Asker: 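Sharing a structure with you now.
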Amino acid sequence: MKKTIRDIQDWRGKRALVRVDFNVPLDGEGRITDDTRIREALPTLQTLCEKGARIILMSHLGRPKGAPEDAFRLTPVAARLQELMPQTRITLARDVVSPDVQKQAEALAPGEILLLENVRFEPGETKNDPALAQALASMGDIFVNDAFGAAHRAHASTEGVGRLLSMRVAGLLMEKEINALSSVVQNPARPYAAIIGGSKVSSKITVLKNLMNVVDHLVVGGAMMFTFLKAQGLSVGSSLVEDEYLDTARELAAYAQEKGVQLVLPRQVVIADAFAENAQTQVVSVDAIPDGWMGLDIGPDAIVEIANVVKTAKTVLWNGPLGVFEMAPFAAGTRAIAEAVAQATAQNGCRSVLGGGDTVAAIEQFGMDPHRFTHVSTGGGASLEFLEGQLLPGIAVLDDVGAPAPASV
Ligand code: ADP
Ligand code: MG
């Protein structure tokens, strides 16, 4: 268990160096199209403000190449944060680290916020450069990591800086993510069903294997299912298949059997004669996919079969869309399963945890309220690595509960 900001009683006047994940999507004109990540950081920021901490925020935005780029400045983020925290004095620094920024940090009054410029404007950020970490650390007393979505990266602002400060704790969002994701790998309520979809087996092998050690049912959907089906000897037309992973798929299926896990592969698919919104479509059994056609969604019978697994489950983990939800003709499978998981959550006391950037995008696209699920993770890659059983560097660097506190800060 990691210490959190609640484990520190006296924040008054302390300089809290807080890593947040303000990597929000922007439209062509630089406007924020979804401010979820900013809103998710508010509990931590409000708590620290109320307790009189002097708050210095660090975040990245997009992928600038280690130098300032106007398109990736945090200006819209600072403006949105100010709207969400109207009572708080918030300043956006011109740089990440510089003598001027250092002065601004020193001049902060309790309850005020200084947002550093995009940390990826510094070439040392992604290299976890000790000099950058030191420059950041010199501005703070306590490292707070609330950026779960960036915790799988050992960067200067997510990890290096933590090693240089004597106190480092999780923010409230980080705590919520760790608790929710831990609950589906440690002692989950049963029956436990995991639904793994998305495009590639290769990107999810480790998570599939790790989950087989804990789940009762493992549903594989999305494009990934076709590698499994081809591995069973079926012909899958021009569906997306990773031929180099046919052996892996066979091994995973054998491992499921060894572990007594029910591997659920959809038996019916929606096929198309092109990867296009206006393609011709048909619903067929998976053993009847004609050459030249590709599977782009699960069929109605497969929806019923998977929904039945979900209905009785007490824990559901879902990562990866079941079809090409971005195109209307192939969104029905993902939408129906989302609805089934939400209903099991409301009616059956099922704990549902969703992760994966595209899975969350699908929920948003369907206009579903994320609160209908127990937890929707803000971290795409980070949630996957967590579920693989990896210790994420941005979490590993935080102090454990029970670790001795330093004599003074
Ligand atoms: P997540 O981000 O939720 O982890 P992935 O990145 O693994 O999910 O995969 C998402 C992508 O998988 C989506 O863009 C979706 O269109 C694609 N996909 C799902 N099913 C299929 C399919 N049958 N054929 C091709 N692509 C698919
Ligand atoms: Mg994705």
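Numbers for residues simply follow the sequence, beginning at 1. Predicted model only: the values in this text are computed from it and were never measured. Just so you know, ligand 1 is whichever comes first in the structure, and atom 1 is the first atom listed for that ligand. Computation of the quantities below employed the complete heavy-atom set of this structure, encompassing side-chain atoms and omitting hydrogens, waters and symmetry-equivalent molecules.
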Asker: Donor-acceptor pair, distance only, cut-off 3.5 Å: does the side chain of D301 make one with the backbone of Q268?
Answerer: no
Asker: Tell me the protein heavy atom at minimum distance from atom 16 (O) of ligand 1, and give that distance in Å.
Answerer: E326 OE1, 2.6 Å
Asker: Which atoms form the tightest heavy-atom contact between M212 and V261, and what is the distance?
Answerer: O-CG2, 3.2 Å
Asker: Give the atom name of whichever N/O/S atom in D358 sits closest to the Mg ion (ligand 2).
Answerer: OD2
Asker: If we set the cut-off at 4.0 Å for heavy atoms, which region of M294 has an atom near ligand 1: side chain, backbone, both, or neither?
Answerer: neither
Asker: Do T378 and E177 have side-chain N/O donor and acceptor atoms under 3.5 Å apart?
Answerer: yes
Asker: Is it true that the side chains of Q262 and D216 contain a donor and an acceptor less than 3.5 Å apart?
Answerer: no
Asker: I'd like to know if R163 pairs up with E159 as an ion pair, taking the criterion as any Lys NZ or Arg NE/NH1/NH2 lying under 4.0 Å from an Asp or Glu carboxylate oxygen.
Answerer: yes
Asker: Hey, which atoms in ligand 1 end up nearer than 4.0 Å to a heavy atom of G320?
Answerer: 3 (O), 8 (O)
Asker: Can you tell me the protein heavy atom closest to atom 3 (O) of ligand 1 and the distance?
Answerer: T359 OG1, 2.6 Å
Asker: Where's the contact between F226 and ligand 1, heavy-atom distance under 4.0 Å: side chain, backbone, both or neither?
Answerer: side chain
Asker: Is any side-chain N of the basic residue among E388 and K209 closer than 4.0 Å to the acidic one's carboxylate O?
Answerer: no
Asker: Mind checking whether L240 has an N or O less than 3.5 Å away from an N or O of ligand 1?
Answerer: no
Asker: At under 4.0 Å between heavy atoms, which part of L384 makes contact with ligand 1: side chain, backbone, both or neither?
Answerer: neither
Asker: Is the closest heavy-atom distance from G323 to ligand 1 below 4.0 Å?
Answerer: yes
Asker: Apply side chain to side chain contact (heavy atoms under 4.5 Å, CB included) to residues L218 and Y192 and explain how you reach the verdict.
Answerer: CA-CA 9 Å; L218 180 62; Y192 177 4; over 6 Å; no
Asker: Of all the non-hydrogen atoms in the protein, which one sits nearest to atom 21 (C) of ligand 1, and at what distance?
Answerer: A223 N, 3.3 Å
Asker: Treating E122 as the side-chain partner and V96 as the backbone partner, does any N or O pair qualify as donor plus acceptor under 3.5 Å?
Answerer: no
Asker: Of the listed options (K204, M225, M327), which comes nearest to atom 5 (P) of ligand 1 when hydrogens are ignored and any heavy atom counts?
Answerer: K204
Asker: Where is the nearest protein heavy atom to atom 17 (C) of ligand 1: which residue, which atom, and how far?
Answerer: S199 CB, 4.2 Å
Asker: Give a yes or no answer on whether the side chain of K2 reaches the backbone of L398 with a donor-acceptor pair at less than 3.5 Å.
Answerer: yes
Asker: Which atoms of ligand 1 have any heavy atom of G295 under 4.0 Å away?
Answerer: 22 (C), 23 (N), 24 (N)
Asker: Check each atom of ligand 1 against the heavy atoms of V324 and keep those under 4.0 Å away; list them by number with element.
Answerer: 16 (O), 19 (C), 20 (N), 21 (C), 22 (C), 24 (N), 25 (C), 26 (N), 27 (C)
Asker: Is a side-chain N or O of S98 found less than 3.5 angstrom from the main chain of D95, in a donor-acceptor match?
Answerer: no
Asker: When you compare ligand 1 with D358, is there at least one nitrogen or oxygen pair between them that comes in under 3.5 angstrom?
Answerer: yes
